[in-house]
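Data block below; observations after.
The figures that follow rest on heavy atoms only: side chains count, while hydrogens, waters and symmetry mates do not. In this chain, numbering begins with 1 at the start of the sequence shown.
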Amino acid sequence: METQGKVAVITGSSRGVGRAVALRLARQGCRIVLNFRSSKEEAESVLKELQKIDTPSLMIQADVSKESDCLALIQQTVDRFGGVDILVNNAATTDFLPFADLSLLTDAHWDRVLQTNVKGPFYCSRAAEPWLKKSKNGGEIINITSVAGLIGNGSSMAYCASKAALINMTVSLARVLAPQVRVNAVAPGFIADDWTQQGLKECYEDTKEGHESKAVLGKVCHPDDVAAAVVSLITGSDLITGQNLVCDGGAMIGPSA
């Protein structure tokens with residue numbers, strides 16, 4: 001896709017991967033719609049960065065776990081920019097729970113994680129579908145998944161299941177939205193950012209070093225690495241759809257021989 005002038009909606013873009021994707025797409029000439037649920041100050045900070053790039057941008061509060069909010073997010077985007085060309089489903093939630101203690105996987109945890117991580121991307125994709133199909137030369141959906149959905153290891157068992165579901169849904173959406181819309185995913189490994197640090201607390205450095213030791217490239221993801229992978233799928237071959245691109249420094253294929 002030629003990105004100049006395209007309208008990109010990035011959910012959960014007040015920090016981390018979402019922020020990095022917004023800034024990268026802005027530098028590619030996109031008009032940017034920032035989304036946040038509760039981190040208004042952080043979203044405003046990203047908006048100021050976009051304004052320095054001189055990018056037409058819009059900030060919208062919406063909780064993607066609620067279909068009404070997803071519909072409003074897309075409608076406000078259309079009202080401002082006239083359409084939607086790119087949707088990046090990045091917003092997600094989790095709790096860091098030890099896998100061995102199954103009692104910690106309460107209904108409340110399951111419901112919150114699945115509602116946000118699985119239904120949220122579906123709600124946003126469904127709301128954006130008619131506009132993506134009208135996009136000149138085709139629309140794009142990128143789902144941010146995780147290697148947790150492939151290896152069954154991550155912040156919680158529910159989180160792993162949610163990302164596995166999103167990987168599967170990426171393939172289903174790619175089938176039903178073709179040929180007008182391409183749907184792909186990026187699956188990061190361990191991401192070195194403040195969100196992961198807050199979740200792991202005192203275990204962060206040891207966990208990070210452990211993942212680095214497993215990766216054949218000897219390093220883990222930073223948000224901008226994931227953003228680069230997202231942009232590569234959008235701006236690269238128009239024949240790629242239904243794929244889940246792993247971005248983990250080679251941790252899944254490591255360690256080095």
Side-chain angles (χ1 to χ4, degrees), residues 1 3 6 8-13 16-18 20-22 24-25 33 35 64-65 67 70 73-74 84-94 113-133 135 137-189 191 221 223 225-248 251-252:
M1 171 188 277
T3 54
K6 298 294 186 181
V9 177
I10 305 104
T11 67
S13 44
V17 169
V21 170
R24 275 212 172 233
L25 286 176
V33 178
N35 158 250
V64 300
S65 72
E67 184 173 18
C70 296
L73 170 64
I74 298 303
V84 180
D85 303 293
I86 299 165
L87 171 64
V88 181
N89 287 310
N90 169 71
T93 190
T94 191
V113 169
L114 294 178
Q115 192 71 25
T116 300
N117 299 5
V118 182
K119 288 187 177 181
F122 176 76
Y123 291 152
C124 287
S125 298
R126 182 163 64 183
E129 175 189 2
W131 304 103
L132 292 168
K133 285 184 173 179
S135 176
N137 300 321
E140 307 261 0
I141 296 175
I142 305 291
N143 294 321
I144 305 301
T145 59
S146 172
V147 297
L150 297 169
I151 63 174
N153 192 23
S155 56
S156 84
M157 198 177 295
Y159 178 80
C160 295
S162 74
K163 292 302 184 178
L166 187 54
I167 291 168
N168 184 276
M169 189 165 69
T170 297
V171 178
S172 297
L173 287 172
R175 287 197 187 101
V176 301
L177 299 184
Q180 301 98 325
V181 182
R182 293 194 299 126
V183 185
N184 290 293
V186 173
I191 302 176
C221 292
D225 298 314
V226 185
V230 169
V231 173
S232 75
L233 286 171
I234 294 170
T235 62
S237 172
D238 288 337
L239 283 181
I240 298 175
T241 195
Q243 302 303 306
N244 182 51
L245 176 63
V246 173
C247 178
D248 71 343
M252 281 186 64

*Using modelled atom types only, decide if a donor and an acceptor are shared between the side chain of N117 and the backbone of A92 within a distance under 3.5 Å.*
no

*Checking side chain to side chain contact (heavy atoms under 4.5 Å, CB included) for the pair C124/L87: CA distance, chi angles, key distance, verdict?*
CA-CA 8 Å; C124 287; L87 171 64; 4.0 Å; yes

*Supply the atom-to-atom distance K6 NZ to T235 OG1, rounded to the nearest 0.5 angstrom.*
13.0 Å

*D238 versus N137: any side-chain heavy-atom pair under 4.5 Å?*
no

*Please confirm whether the backbone N or O of T94 pairs with a side-chain atom of S155, one donor and one acceptor, at under 3.5 Å?*
no

*Given side chains that start at C-beta, do those of I234 and T3 come closer than 4.5 Å, heavy atoms only?*
yes

*For S125 and V181, run side chain to side chain contact (heavy atoms under 4.5 Å, CB included): C-alpha distance rounded to whole Å, both residues' side-chain angles, the deciding distance at 0.1 Å, then the answer.*
CA-CA 11 Å; S125 298; V181 182; over 6 Å; no

_Please determine whether side chain to side chain contact (heavy atoms under 4.5 Å, CB included) holds for the pair N184 and L245, giving the CA-CA distance in whole Å, both sets of side-chain angles, and the decisive distance to 0.1 Å._
CA-CA 8 Å; N184 290 293; L245 176 63; over 6 Å; no

*To the nearest 0.5 Å, how far apart are CD in Q115 and OH in Y123?*
4.5 Å

*Going by the side-chain contact (heavy atoms from CB on, under 4.5 Å) test, name the single residue among L73, I74, I10 that passes it with V33.*
L73

*Calculate, to the nearest 0.5 Å, the distance between atoms OG1 and CD belonging to T241 and Q243 respectively.*
8.0 Å

*Steps toward side chain to side chain contact (heavy atoms under 4.5 Å, CB included) verdict (V246, M252)*: CA-CA 9 Å; V246 173; M252 281 186 64; 4.1 Å; yes

*State, to 0.1 Å, how close A127 and C70 come at their nearest heavy-atom pair, and which atoms those are.*
CB-O, 4.1 Å

*Is there a donor-acceptor pair closer than 3.5 Å between any side-chain N or O of T116 and the backbone N or O of V113?*
no

*Could you pull out all residues at least two apart from S146 that satisfy side-chain contact (heavy atoms from CB on, under 4.5 Å)?*
A148, Y159, K163

*Interatomic distance, I151 atom CD1 to C160 atom SG [nearest 0.5 angstrom]*: 7.5 Å

*In chain order, what residues pass the side-chain contact (heavy atoms from CB on, under 4.5 Å) check against A185, with sequence neighbours excluded?*
N143, T145, T170, N244

*Just how far is it from atom OG of S172 to atom CG of L166, taken to the nearest 0.5 Å?*
11.0 Å

_Heavy-atom closest contact (A8 atom, L25 atom, distance)_ = CB-CD1, 3.9 Å

*Can a salt bridge be assigned to the pair K119 and E67 using a cut-off of 4.0 Å between side-chain N and carboxylate O?*
no

_List the residues meeting side-chain contact (heavy atoms from CB on, under 4.5 Å) with A251, not counting sequence neighbours, and say none if there are none._
A215, D248

*Donor-acceptor contact below 3.5 Å, side chain R182 vs main chain I240*: yes

_Distance, nearest 0.5 Å, that separates CD1 of I142 from CG of L233_ = 4.5 Å

*Applying side-chain contact (heavy atoms from CB on, under 4.5 Å) between M169 and each of I167, V171, L173, report the one that passes.*
L173

*Measure the shortest side-chain to side-chain distance between V9 and V88 over non-hydrogen atoms and say whether it is less than 4.5 angstrom.*
no

*Check for a donor-acceptor pair, side chain of N89 on one end and backbone N or O of T11 on the other, with a separation under 3.5 Å.*
no

_Nearest heavy atoms of D225 and C247, plus distance in Å_ = O-SG, 3.9 Å

*Is a donor on one side and an acceptor on the other found under 3.5 Å between the side chain of D85 and the backbone of E140?*
no

*Nearest non-hydrogen partners of S135 and M1, listed with the distance*: OG-CE, 4.5 Å

